[in-house]
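Remember, it's a predicted structure, so these values are computed and weren't measured experimentally.
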Amino acid sequence: RFACKKLDYIFAATPFIRDKFLKINSASLDINNFPMIGELDAALPWDKKNNEICYVGGIASIRGIAEVVEAFAHTTEKVRLNLVGRFSESDVEQRVKKLSGWSSVNQLGQLERAGVKDVLSKSLAGLVTFHPLPNHVDAQPNKMFEYMSAGIPVIASDFPLWRQIIDGSNCGVLVDPMNPQSIAMAIDSLARDPERAKALGENGRAAVNAKYNWDIESKKLLACYAQLSIKVKK
């Protein structure tokens, strides 16, 4: 608190964090790590997509991997999971691979951005079903906005902040992250109705192009740097 009061600016990763620092220093600003427009948009025709759902990012117990894998044991549609990323806990990986839903998993490991783009382009939707922990409910996961940028619907945990984003943009389906059957129902609903999935994906892409993109955030950051430069010259 002592140090922050003396800073010219405080940059926070989310509005929630920004609001905490505003109580200490009025020159606190959120610079959100939103995607660059078009970076992950492969624009693959919807009828060319595979019957697959993807998860991209760090893989951990608190990020809902067990519930996600188990969900694929409850799906009625023939859908597979493209799992991109590394397990942070070896014991969790061993345990998850014993679940009945693992037979529906394509374990792809960590991929470069071109590989991620390819996976997103082939998938019907993207999963971000983190557990309801304090560091999650007010977070803004990069993967949520990357799915939107790629033009695929988001299957996300039903947290108040995430509901504002998903429902506000009409770009996905909200689920109980602790309930594999809830996740399975969302997967099936999108797999059965590709027209709806396509429309939700297009809504997400439009929201990124209009609001949730790095072009907007970078201008906020550069404006602060410009003000600091003027102050230094004075």
| request: Flag the pair Met36 / Asn213 as yes when at least one side-chain heavy-atom distance between them is below 4.5 Å, and no otherwise. | output: no

| query | Would a distance-only check, ignoring hydrogens and angles, find a side-chain to backbone donor-acceptor pair under 3.5 Å from Lys78 to Asn51? | reply | no

| request: Enter the distance from Ile17:CD1 to Ile31:CD1 here, rounded to the nearest 0.5 Å. | output: 12.5 Å

| To the nearest 0.5 Å, what is the distance between OG1 (Thr75) and CG (Asp188)? | 5.5 Å

| message | Is it the case that atom CG in Asp215 sees more than 12 heavy atoms from other parts of the structure closer than 6.0 Å? | response | yes

| Student check: side-chain heavy atoms of Val119 and Cys54 closer than 4.5 Å | yes

| said: I need the Lys143 NZ to Leu120 CG distance, nearest 0.5 Å. | reply: 11.0 Å

| With Arg192 via side chain to side chain donor-acceptor pair (under 3.5 Å) - residues at least two apart | Thr76, Glu77

| query | Heavy-atom count around Phe34 CZ within 6.0 Å, excluding the residue itself: above 12? | reply | yes

| task | Work out which heavy atom in Val56 is nearest to a heavy atom in Tyr147; give both atom names and the distance. | result | N-OH, 3.0 Å

| Looking at OG of Ser26 and OH of Tyr9, how far apart are the two atoms once the value is rounded to the nearest 0.5 Å? | 10.0 Å

| request: Evaluate the ring planes of Phe11 and Tyr225, with Trp represented by its six-membered ring, and classify them as parallel (under 30°), tilted (30 to 60°) or perpendicular (over 60°). | output: perpendicular

| said: Any heavy-atom pair between the side chains of Leu29 and Ile10 that's under 4.5 Å? | reply: no

| message | Does any part of the side chain of Glu70, heavy atoms only, come nearer than 4.5 Å to the side chain of Ser100, both counted from C-beta? | response | yes

| Residue that, paired with Gln140, satisfies side-chain hydrogen bond (donor to acceptor under 3.5 Å, both in side chains) out of Thr14, Asn32, Asn33 | Asn32

All N/O donor-acceptor pairs, side-chain side in residues 169-180, below 3.5 Å, sequence neighbours left out:
from, atom 1, to, atom 2, distance (Å)
Ser169, OG, Ile165, O, 3.2
Asp176, OD1, Met178, N, 3.0
Asn179, OD1, Gln181, N, 2.9
Asn179, OD1, Ser182, N, 3.4

| Mind checking whether Phe130 and Val128 have side chains closer than 4.5 Å, heavy atoms only? | yes

| request: Measure the shortest side-chain to side-chain distance between Tyr212 and Met144 over non-hydrogen atoms and say whether it is less than 4.5 angstrom. | output: no

| query | Do the numbers put Lys6 on top of the ring of Phe2, so that NZ or CZ is under 6.0 Å from the six-membered ring centre and no more than 45° off the axis? | reply | yes

| note | Sequence neighbours excluded, the answer for side chain to side chain donor-acceptor pair (under 3.5 Å) partners of Arg205 is Asp41

| field | Side-chain heavy atoms of Trp46 within contact of Leu124, under 4.5 Å | value | yes

| query | Is any side-chain heavy atom of Phe72 less than 4.5 Å from a side-chain heavy atom of Ser103? | reply | no

| field | Carboxylate-amine/guanidinium contact Asp118 Lys122, below 4.0 Å | value | yes

| request: With sequence neighbours left out, write down each residue that passes side chain to side chain donor-acceptor pair (under 3.5 Å) with Asp158, or none if nothing qualifies. | output: Arg163

| field | Atom NZ of Lys20 with >12 non-hydrogen neighbours under 6.0 angstrom | value | no

| task | Check the pair Leu81 / Tyr55 against side chain to side chain contact (heavy atoms under 4.5 Å, CB included), numbers first and verdict last. | result | CA-CA 7 Å; Leu81 170 65; Tyr55 173 95; 4.2 Å; yes

| Glu89 and Arg63 ion-paired at < 4.0 Å | no

| Set of side chain to side chain donor-acceptor pair (under 3.5 Å) partners for Gln107, sequence neighbours left out | Glu93, Lys97

| field | side-chain contact (heavy atoms from CB on, under 4.5 Å) involving Pro45 - partner list, sequence neighbours excluded | value | Asp47, Lys48

